[in-house]
Amino acid sequence: MSRLRAAIFDLDGVVRHFDRAGAARIAQRHGVTLHDMLAAAFEDGALHALITGKVRRGEWVEAVGRKVGSPAAVREWLSDIGTVDPAVMDLVHALRRRGVLVGILTNGTDTIDRELRHLGIHADFDRVVSTWHVGYAKPHRNAYLAACSALGVRLEEAFFTDDREVNVLAASELGMTAHPFVDAEHLEHALVRAFRR
């Protein structure tokens, strides 16, 4: 087995999290439901077009707003860039101190770099790969290949964590050391086991 040289983190649901209760309050204030906003935003076809670079985030936001019938509600909701998980970032910093390359692979948009800079964590990662630029979204193999290529490592030299089981399974099938994200404590144990080899 190849020695691990890199750790690749999913962004949403791992490095950063969103306030669902706050989103529900926004929806209520505008007279719509969170269920309807979520359904419109994450409808498969529209979302896939967004995260594979076929539309820009601003265009997607406006389309979701029209579908819900409240562009103002959707703009307010999707202006939230989330909050960083400090315990996960402690793990990122510990890995980098050990000389491990650390990256992000996100089914993201054209605004990810700007969002990470606003959150103050862009410089904490060696590479940030948004599938918007790749043209393929997780769990497609090309997304993982792009992240590993950006870090200059082979698939079998990378650890990967994601909160979606389908993405973890795809990474594992490609030969990556993959771990389903539950919380920072479980992730820390997985990293210790993986990088002890």
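The structure displayed is predicted, hence computed values, not measured ones.
Two different hydrophobic clusters hold L151 and L11 under the rule that ILVMFWY side chains link at heavy-atom gaps under 4.5 Å. Both V102 and L187 are part of a single hydrophobic cluster, where members link through side-chain heavy atoms under 4.5 Å apart. Criterion: ILVMFWY side-chain heavy atoms under 4.5 Å apart, direct or through other members. Under it, L155 and L4 are not part of a common hydrophobic cluster. Residues F195 and L101 do not share a hydrophobic cluster, clusters being chains of Ile/Leu/Val/Met/Phe/Trp/Tyr side chains in contact below 4.5 Å. At a threshold of 4.5 Å between side-chain heavy atoms, the hydrophobic network of Ile, Leu, Val, Met, Phe, Trp and Tyr places Y136 and I104 in two separate groups.
Under the 4.5 Å side-chain criterion, counting only non-hydrogen atoms from C-beta, W60 is in contact with L78. Put simply, the side chain of T131 reaches to within 4.5 Å of the side chain of L105, judged on heavy atoms. Contact check for V15 versus F125: side-chain heavy atoms found under the 4.5 Å cut-off.
Classification of R96 and D124 as a salt-bridged pair fails, no side-chain N sitting under 4.0 Å from a carboxylate O.
Within 6.0 Å of atom CZ in R127, 12 or fewer heavy atoms from other residues, nucleotides or ligands are found, so the atom counts as exposed in its surroundings. Heavy atoms of other residues, nucleotides or ligands lying less than 6.0 angstrom from CZ of R56 number 12 at most.
M176 contributes atom CE, which lies 9.5 Å from atom CZ of F159 (distance to the nearest 0.5 angstrom). The line from NE2 of H179 to OG of S172 is 12.5 Å long, rounded to the nearest 0.5 Å. Atom CG of L34 and atom CZ of R20 lie 5.0 Å apart (nearest 0.5 Å). From M89, atom CE reaches atom NE2 of H93 across 4.0 Å, with rounding to the nearest 0.5 Å. Rounding to the nearest 0.5 angstrom, the gap separating the CG atom in L174 from the CZ atom in R154 is 14.5 Å. Separation of atoms NZ (K138) and CZ (R164) is listed at 8.5 Å; rounding is to 0.5 Å.
The minimum heavy-atom distance linking A147 with I8 is given by the pair CB-CD1, 4.0 Å. Here the closest non-hydrogen pair linking A178 and A171 is CB-CB, 4.0 Å. Scanning both residues, V134 and A146, for their nearest heavy atoms gives CG2-CB, 3.7 Å. Contact detail for P86 and V84: the closest heavy-atom pair is CD-O, 3.1 Å. The minimum heavy-atom distance linking V74 with V61 is given by the pair CG1-O, 3.6 Å. Nearest heavy-atom pair across V32 and A73 is CG2-CB, 4.1 Å.
V166 belongs to no hydrophobic cluster, as no Ile, Leu, Val, Met, Phe, Trp or Tyr side chain comes under 4.5 Å of its own.
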Would N167 and Y144 satisfy side-chain contact (heavy atoms from CB on, under 4.5 Å), going step by step from the backbone distance to the final call? CA-CA 10 Å; N167 295 338; Y144 304 95; 3.5 Å; yes
Where do D19 and R25 land on the side-chain contact (heavy atoms from CB on, under 4.5 Å) test, with the steps shown first? CA-CA 10 Å; D19 179 10; R25 288 192 296 272; 3.7 Å; yes
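Formation of a donor-acceptor pair under 3.5 Å by the W77 side chain with backbone atoms of A24 is not found in this model. Without hydrogens or angle criteria, D163 side chain to F181 main chain gives no donor-acceptor distance under 3.5 Å.
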Pairs of donor and acceptor atoms involving the side chains of residues 113-122, under 3.5 Å and at least two apart or interchain, shall be tabulated with distances.
| unit_1 | atom_1 | unit_2 | atom_2 | d |
| --- | --- | --- | --- | --- |
| E115 | OE1 | R16 | NH1 | 2.8 |
| E115 | OE1 | R16 | NH2 | 2.9 |
| E115 | OE2 | T111 | OG1 | 2.5 |

Donor-acceptor contacts, no H, no angles, side chain residues 36-51, under 3.5 Å, sequence neighbours left out:
| unit_1 | atom_1 | unit_2 | atom_2 | d |
| --- | --- | --- | --- | --- |
| D36 | OD2 | T33 | OG1 | 3.2 |
| E43 | OE1 | A46 | N | 3.0 |
| E43 | OE2 | G45 | N | 3.0 |

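Put simply, the residue from V128, D162, V88 that forms a side chain to side chain contact (heavy atoms under 4.5 Å, CB included) with F9 is V88.
Looking at H186 and D183, their side chains do bring a donor and an acceptor atom within 3.5 Å of each other.
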